[in-house]
Trainee: 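Starting off with a structure, shown below.
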Amino acid sequence: MKRRMFIGAAAAGLLAFNGVAVAQNATRVRRLAFLSIGKSPTAAESAESLAPLRALGWIEGQNLAVERRYANLDFDRLSSMADELVRLKVDVIRTVGTTATLAATKATATIPIVFVASDPVGMGLVASLARPGGNVTGYSNTNGALASKRAQLLHECLPDVRRVAVLIDSRTSINRRLGEFAQAAYRSLGLTPVVIEADATVSQDDEFFRTMRQRAQALDMSIFPGSEQIVIMAARQQLPAVVGDRTMLEAGGLLMFSFDNTDLPQRVAAIIDKILRGARPGDIPVEEPTRFSMGINLKTAKALGIVVPKALLLRADEVVG
């Protein structure tokens with residue numbers, strides 16, 4: 001009898017211990033870090049960025065703590081920010097941009113990194129999209145196929161154009177690589193790419209655009225860090241531009257081709273959720289866009305005296321103006 005009572009008490013104690021352990025694990029606060037080359041978001045934007053994780057049960061201030069580091073386009077700050085996040089011993093680093101991802105991978109080979117980046121295989125971030133390996137996985141948002149499609153659209157819309165300026169911010173290795181994709185795409189169509197290296201300071205430089213206008217008949221700024229002012233000034237110089245997002249199209253770009261990123265936040269959140277629940281990042285395949293969008297700005301076309309082919313208009317997902 002005493003032996004049965006002892007076993008029963010021990011079993012009850014073990015169950016109680018397990019119940020406490022489960023409860024502690026359920027309420028354990030995990031630490032997520034954001035590392036981005038971009039500008040600091042507003043409070044509303046920060047809250048919105050966490051909405052997909054909230055839907056999966058991760059609530060900031062309850063079971064999730066968030067560290068945010070934004071370099072505000074200062075590339076030199078990324079390395080120190082990444083090092084700081086590693087010292088804070090966060091559970092996952094969520095990076096935005098290839099340069100930020102490279103900084104994170106240099107800072108740690110153990111903390112899981114979930115990226116939104118361009119050409120992750122070519123940049124050495126992962127071994128392959130299907131089997132990333134290591135501590136890195138995420139979402140690949142740009143590759144050579146996009147460059148080819150943009151070149152084809154520009155050639156179809158402006159068949160007489162022979163020289164295309166490719167605007168590149170050469171301060172980063174990823175922009176140089178994407179510039180190579182664009183050059184190859186135009187050369188494959190018999191066009192001559194004219195590489196223009198610049199940074200955000202050219203947005204107020206009229207002479208810069210006058211010189212560009214003398215050297216090229218069109219502008220590809222789809223891989224240049226977004227500046228609506230540059231698109232506006234290009235249009236002022238009668239330089240039709242192919243761009244990489246809707247904001248730039250509305251600012252005065254002629255053509256846009258990009259991936260549809262509507263579901264990107266949810267897909268990245270799903271990856272983070274898997275890792276926070278114990279999955280290894282190297283075992284999670286890199287996500288890729290499944291939908292794309294093509295846009296035309298008819299207001300810009302009219303201002304530049306360009307007649308957009310009807311076949312192109314019929315294929316457009318978005319028409320502005």
Trainee: With sequence neighbours excluded, tell me which residues meet salt bridge (Lys or Arg N to Asp or Glu O under 4.0 Å) with Asp91.
Mentor: Arg28, Arg30
Trainee: Using a cut-off of 6.0 Å, state whether more than 12 heavy atoms not belonging to Glu48 lie near its atom CD.
Mentor: no
Trainee: Under the 3.5 angstrom rule, does the side chain of Asp220 hit a backbone N or O of Val166 as a donor-acceptor pair?
Mentor: no
Trainee: Check Leu129 against Pro120 and note the closest heavy-atom contact, atom names and distance.
Mentor: CD2-CG, 3.8 Å
Trainee: For Ser80 and Asp83, which I'm curious about, is there any donor-acceptor pair between the side chains at under 3.5 Å?
Mentor: no
Trainee: Are the side chain of Thr108 and the backbone of Val86 linked by a donor-acceptor contact shorter than 3.5 Å?
Mentor: no
Trainee: Donor-acceptor pair, Arg94 side chain versus Phe34 backbone, under 3.5 Å?
Mentor: no
Trainee: Any idea how Tyr139 and Phe259 line up, ring-wise: parallel (<30°), tilted (30 to 60°), or perpendicular (>60°)?
Mentor: tilted
Trainee: Once rounded to the nearest 0.5 Å, what's the spacing between atom CE of Met248 and atom CD of Glu228?
Mentor: 7.0 Å
Trainee: Answer yes or no: is there a side-chain heavy-atom contact under 4.5 Å between Ser293 and Met256?
Mentor: yes
Trainee: Out of curiosity, Ile272 CD1 to Arg267 CZ, how far, rounded to the nearest 0.5 Å?
Mentor: 14.0 Å
Trainee: Under 3.5 Å, is there a donor-acceptor pair linking the side chains of Trp58 and Asp273?
Mentor: yes
Trainee: Among Thr105, Leu102, Val96, Val286, whose side-chain contact (heavy atoms from CB on, under 4.5 Å) with Phe115 holds?
Mentor: Val286
Trainee: Is there a donor-acceptor contact under 3.5 Å from the side chain of Thr137 to the main chain of Gly282?
Mentor: no
Trainee: Is the CZ atom of Arg54 crowded by more than 12 outside heavy atoms at less than 6.0 Å?
Mentor: yes
Trainee: Tell me, which pairs form a side-chain hydrogen bond (donor to acceptor under 3.5 Å, both in side chains) where one or both residues lie in residues 64-76, sequence neighbours left out?
Mentor: Arg31-Glu67, Glu60-Arg68, Glu67-Arg69, Arg69-Glu84
Trainee: Please name the pair of heavy atoms, one in Ile232 and one in Ala251, separated by the smallest distance, quoted to 0.1 Å.
Mentor: CG1-O, 3.4 Å
Trainee: What's the separation between atom CG in Leu239 and atom CE in Met233, rounded to the nearest 0.5 Å?
Mentor: 11.5 Å
Trainee: Checking Ser258 side chain against Gly244 main chain: does a donor-acceptor pair fall under 3.5 Å?
Mentor: yes
Trainee: State whether Glu156 and Arg315 are salt-bridged, where the test is any N-O pair (Lys NZ or Arg NE/NH1/NH2 against Asp/Glu carboxylate O) under 4.0 Å.
Mentor: yes
Trainee: Donor-acceptor pair, Ser79 side chain versus Ala103 backbone, under 3.5 Å?
Mentor: no
Trainee: Within this structure, what is the CD1-OG1 distance for the pair Ile37 and Thr95, rounded to the nearest 0.5 Å?
Mentor: 12.0 Å
Trainee: Identify, with sequence neighbours excluded, every residue that meets salt bridge (Lys or Arg N to Asp or Glu O under 4.0 Å) alongside Arg162.
Mentor: none
Trainee: Checking Asp317 side chain against Met294 main chain: does a donor-acceptor pair fall under 3.5 Å?
Mentor: yes
Trainee: How long is the gap from CG on Leu264 to OG1 on Thr262, to the nearest 0.5 Å?
Mentor: 9.5 Å
Trainee: Hey, mind stepping through Asn141 and Ser118 against side-chain hydrogen bond (donor to acceptor under 3.5 Å, both in side chains) and telling me if it holds?
Mentor: CA-CA 5 Å; Asn141 62 2; Ser118 302; 3.0 Å; yes
